[in-house]
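What's counted below: heavy atoms across the whole structure, side chains too, no hydrogens, waters or symmetry copies. Letters A, B, ... are given to chains in the order of the sequence lines, protein chains preceding strands, and every chain is numbered from 1.
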There are 2 protein chains.
Amino acid sequence: MLSTVSGPVRPAVPPRLPGVGDTQHRLMEAAADAFADKGFHATTTRDIAARAGLSPAGVYIHFASKEALLFALSERGHEAVRDLIVEAVEAAPTPAEALGRLLATFSQWHAEHYRVGRIVQYEFTHLTPEHQAAVRRLRREIDGVVERVLRAGVGSGAFAVDDVRATVLALLSLCVDVARWYEPGIRRSPAQIGATNASLGLRLVSAAPPTAVSRE
Amino acid sequence: MLSTVSGPVRPAVPPRLPGVGDTQHRLMEAAADAFADKGFHATTTRDIAARAGLSPAGVYIHFASKEALLFALSERGHEAVRDLIVEAVEAAPTPAEALGRLLATFSQWHAEHYRVGRIVQYEFTHLTPEHQAAVRRLRREIDGVVERVLRAGVGSGAFAVDDVRATVLALLSLCVDVARWYEPGIRRSPAQIGATNASLGLRLVSAAPPTAVSRE
DNA sequence: GGGCTGACTAAGCGCTTGCTTAGTCTGTCG
DNA sequence: CGACAGACTAAGCAAGCGCTTAGTCAGCCC
């Protein structure tokens, strides 16, 4: 019982992170596991509570409903991906490099987080209309990032693309669909999947022949 | 039995198609609608029965369980797609044409049948292990068709592909993912989606530069 | 006609669901 | 110390679930 004397590890932020944030995070992890295993509707709130080490009623202190948990998962997932690809694009000097990094990052995320990726796609329709709208807004942001890079490349002559919007959709399919077929222990690692999807995606849009390029 | 002489309309197969097959088909349509609208677990057997114009108990005369309905939908969907692409490939003189027709057919099917396509992908985990295995077998058949066409093209020099299995996966993603984002009234028709996906897919694998080529 | 078959229904069983209520316990602050 | 806040639980409610039971009814065969 010495903890009172010197204080544990987090003395500066006692009312936020230590108890509440922790339990909230544990609940989201538990819900992600359960939803990924059995789907949203087949998952019971009792199951989520048990996985988080709480009683069934304990869930409702942190989330208003089971759907609120699904939304929290979806929103955070989309925000994480959006931030990652924005960062990847910003750091790149040319459209080709920007697109390569975007596709690699995007694909790798969907392999590493394939559980959340599937939940976000497969359970989308179980969100309330308002929450669906919020997620759609985030998706449009992500689409916009890809489209801007593509148009930049077309403008600079690096890319040759017939139908920009169709190609954006195809590139997104390439990355998002990774969550559908990936599973741990598969032949390629998430990083390798990112690398091959980047080169496949570039081949889909590059004006120059695919061989012997990339820098200079 | 020469009942063909005077009998009603279907004298040769009276105990099959007229009543039973009709109701079975209606039930599968009803289940497809309901599963697509609300997902497998959120759909009640009462809902399916009502959509098919039956009492709740009427469902169980034709299908042993709600899961059996999902399996029937999945199995028939996969078989339909498999048969379509096998036919498309068989009719083509070159690997390039075979792949083009395959991608077009495959993509168009996923647009036209996006409801069944989503059910088949999103609700897969709710099948019994035995039924999952049966579906996986059908999927492997489909993968095999694509892989064979790709290897034929590589052998003939028409295609240049680094990693055949990764490319097969990418091509399948392109087509399957159509079911995720398609909805009626969208800019492109299912046939147009098939056409653009065919040319995008060919660009992904062709040995020659994408512009103005295909046959020397 | 009498017996049979098979599609179909009314009623309902046993159980599980999401979520609530009423209360306990711990720790903090004046 | 005593008041209070907030994380948490035991118990449970009303509703809804998949599926069954027991029976009706139309058509067919002998």
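Distance Leu54(A) CG to dG6(D) P: 18 Å, rounded to the nearest Å. Rounded to whole angstrom, the span from the CG atom of Asp22(A) across to the P atom of dG6(D) amounts to 19 Å. For the pair Ile61(A) CD1 and dC8(D) P, the computed distance is 6 Å after rounding to whole Å. Rounded to an integer number of Å, the gap from Leu27(B) CG to dT9(C) P is 10 Å.
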Inset, instruction - Between protein and nucleotides 10-25 of chain D, map the contacts as a letter string: B base, S sugar-phosphate only, - none, heavy atoms under 4.0 Å, written 5' to 3'. - result: B-B----BBBBB----
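Listed by first and then second residue, the salt bridge (charged side-chain N to carboxylate O under 4.0 Å, His left out) pairs that reach into residues 105-130 of chain B are Asp33(B)-Arg115(B), sequence neighbours excluded. Listed by first then second residue, pairs satisfying salt bridge (charged side-chain N to carboxylate O under 4.0 Å, His left out) with a partner in residues 41-50 of chain A read Lys38(A)-Asp47(A), Asp47(A)-Arg51(A), not counting sequence neighbours.
Among residues two or more places apart in sequence or in another chain, the side-chain hydrogen bond (donor to acceptor under 3.5 Å, both in side chains) test is passed with Thr196(B) by Arg188(B). Considering only residues two or more places apart in sequence or on other chains, Asp162(A) meets the salt bridge (charged side-chain N to carboxylate O under 4.0 Å, His left out) condition with none of them. Legend: residues meeting ring-ring contact (aromatic ring centres under 6.0 Å, His included) with Tyr182(B), ordered by chain and number and at least two apart, are Tyr114(B). For the salt bridge (charged side-chain N to carboxylate O under 4.0 Å, His left out) test, no residue two or more places apart in sequence or in another chain qualifies with Arg137(B). Scored by the side-chain hydrogen bond (donor to acceptor under 3.5 Å, both in side chains) test, Gln132(B) finds Arg136(B) as partners (sequence neighbours excluded).
Taking the C1' atoms of five terminal pairs at each end of the helix from dG1(C)-dC30(D) to dG30(C)-dC1(D), the two resulting helix axes are inclined by 10°, rounded to 10°.
The phosphate of dC8(D) has OP1 or OP2 within less than 4.0 Å of a side-chain N or O from His62(A).
Under a 3.5 Å cut-off, the side chain of Asp177(B) and the backbone N or O of Arg180(B) do not form any donor-acceptor pair.
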